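In what follows, a single structure is set out as structure tokens and then discussed.
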Amino acid sequence: MISKLQQLFKNVTQNEAEEKNNKLEIATSVLFLELAYADFNIAPEEEKHMHKSIEDFFSLSSEEVKELVELAREKRDDRNDIWLFTDQIKQNFSRDDKIRILEMLWELVYADGHMDKYEEALMRKITPLLGLSHAEMIQAKLKAKK
């Protein structure tokens, strides 16, 4: 009886952890999409870079990334504000992970070889929403530029 209860608890805990991870993957992917569309056009280089970044960061297969990005597109269309997504990231990722996400977002900005004023404005908005400083944003930007 006790072993069955322990197994049930273990299954519930695993399901909760998986659900939390899925929400974080979606939230992060929504930020990538938001930035990719900030200049009202997503270049093929940006799309490719976005998929590769998500794949590497979350250790997903390319097929899983395609499904995740589709789900993120739906969530992006349904959302009222990016705060919902940035807050999930802010509350659940380490500072190092948030800085890495910021770096990947800057890499996405430069993926098409040009930074649009809307992309830069969105990066300035996202940074404090993630709980990061202006100095950390500039460091991430310079690292991504190299």
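All figures in this text were calculated on a predicted structure; none of them were measured in a lab.
A heavy-atom distance below 4.5 Å is found between the side chains of Leu122 and Ile82. Between Met137 and Leu132, the closest side-chain pair of non-hydrogen atoms is not below 4.5 Å. Side-chain atoms of Asp87 and Leu129, non-hydrogen and from C-beta on, never get closer than 4.5 Å to each other. Side chains of Leu130 and Leu31 form a contact here, defined as non-hydrogen atoms less than 4.5 Å apart. Using a 4.5 Å heavy-atom threshold, the side chains of Glu25 and Leu60 count as touching. For the pair Glu55 and Ser61, the minimum side-chain heavy-atom distance is 4.5 Å or more. Using a 4.5 Å heavy-atom cutoff, the side chains of His134 and Arg124 are in contact. In this structure the side chain of Tyr37 reaches within 4.5 angstrom of the side chain of Arg76, judged on heavy atoms.
Ring planes of Phe57 and Phe93: perpendicular class, angle over 60° (limits at 30 and 60°).
A side-chain donor from one of His51 and Glu47 sits under 3.5 Å from a side-chain acceptor of the other.
Considering all non-hydrogen atoms of both residues, Leu35 and Leu105 come closest at CD2-O, 3.1 Å. Of all non-hydrogen atoms in Asp81 and Lys125, the two that sit nearest each other are OD1-NZ, 4.2 Å. In terms of heavy-atom proximity, His49 sits nearest to Ala111 at CB-CB, 3.9 Å.
Distance check, rounded to the nearest 0.5 Å: OG of Ser62 to CD1 of Ile54 gives 12.5 Å. Once rounded to the nearest 0.5 Å, the distance linking CD1 of Ile138 with NZ of Lys143 reads 15.5 Å. Taking CG of Leu24 as the start and OG of Ser29 as the end, the distance is 10.5 Å to the nearest 0.5 Å.
Electrostatic pairing of Glu120 and Lys117 does not count as a salt bridge here, judged by no charged N lying under 4.0 Å from a carboxylate O.
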Test side-chain contact (heavy atoms from CB on, under 4.5 Å) on Leu108 and Met104 and set out the steps. CA-CA 6 Å; Leu108 179 60; Met104 291 185 303; over 6 Å; no
Set out, in order, the CA-CA distance, both residues' side-chain angles and the distance that settles side-chain contact (heavy atoms from CB on, under 4.5 Å) for Met50 and Ile42, then state yes or no. CA-CA 10 Å; Met50 177 178 61; Ile42 184 166; 4.2 Å; yes
Step-by-step side-chain contact (heavy atoms from CB on, under 4.5 Å) determination, Trp106 to Lys145: CA-CA 8 Å; Trp106 275 114; Lys145 240 181 169 177; over 6 Å; no
Start with the C-alpha distance between Arg95 and Glu136, add both sets of side-chain angles, then the distance that settles side-chain contact (heavy atoms from CB on, under 4.5 Å), and finish with yes or no. CA-CA 10 Å; Arg95 183 166 217 76; Glu136 289 167 320; 3.0 Å; yes
I would like to know whether Asp77 and Arg73 meet salt bridge (charged side-chain N to carboxylate O under 4.0 Å, His left out); could you show each step before the answer? CA-CA 6 Å; Asp77 291 342; Arg73 284 184 205 281; over 6 Å; no
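Screening Ile126, Thr28, Val30 for a side chain to side chain contact (heavy atoms under 4.5 Å, CB included) involving Ile89 leaves a single residue, Thr28.
Proximity of a side-chain donor or acceptor of Gln91 to a complementary backbone N or O of Gln88 within less than 3.5 Å is not detected. Judged by distance alone, with hydrogens and angles left aside, the side-chain atoms of Thr86 form a donor-acceptor pair with the main-chain N or O of Trp83 at under 3.5 Å.
Listed by first and then second residue, the salt bridge (Lys or Arg N to Asp or Glu O under 4.0 Å) pairs that reach into residues 105-116 are Arg100-Glu107, sequence neighbours excluded.
Remark: Glu74 engages Leu71 in a side-chain contact (heavy atoms from CB on, under 4.5 Å) (not counting sequence neighbours). Listed by chain and number, the residues in a side chain to side chain donor-acceptor pair (under 3.5 Å) with Tyr118 amount to none (sequence neighbours excluded).
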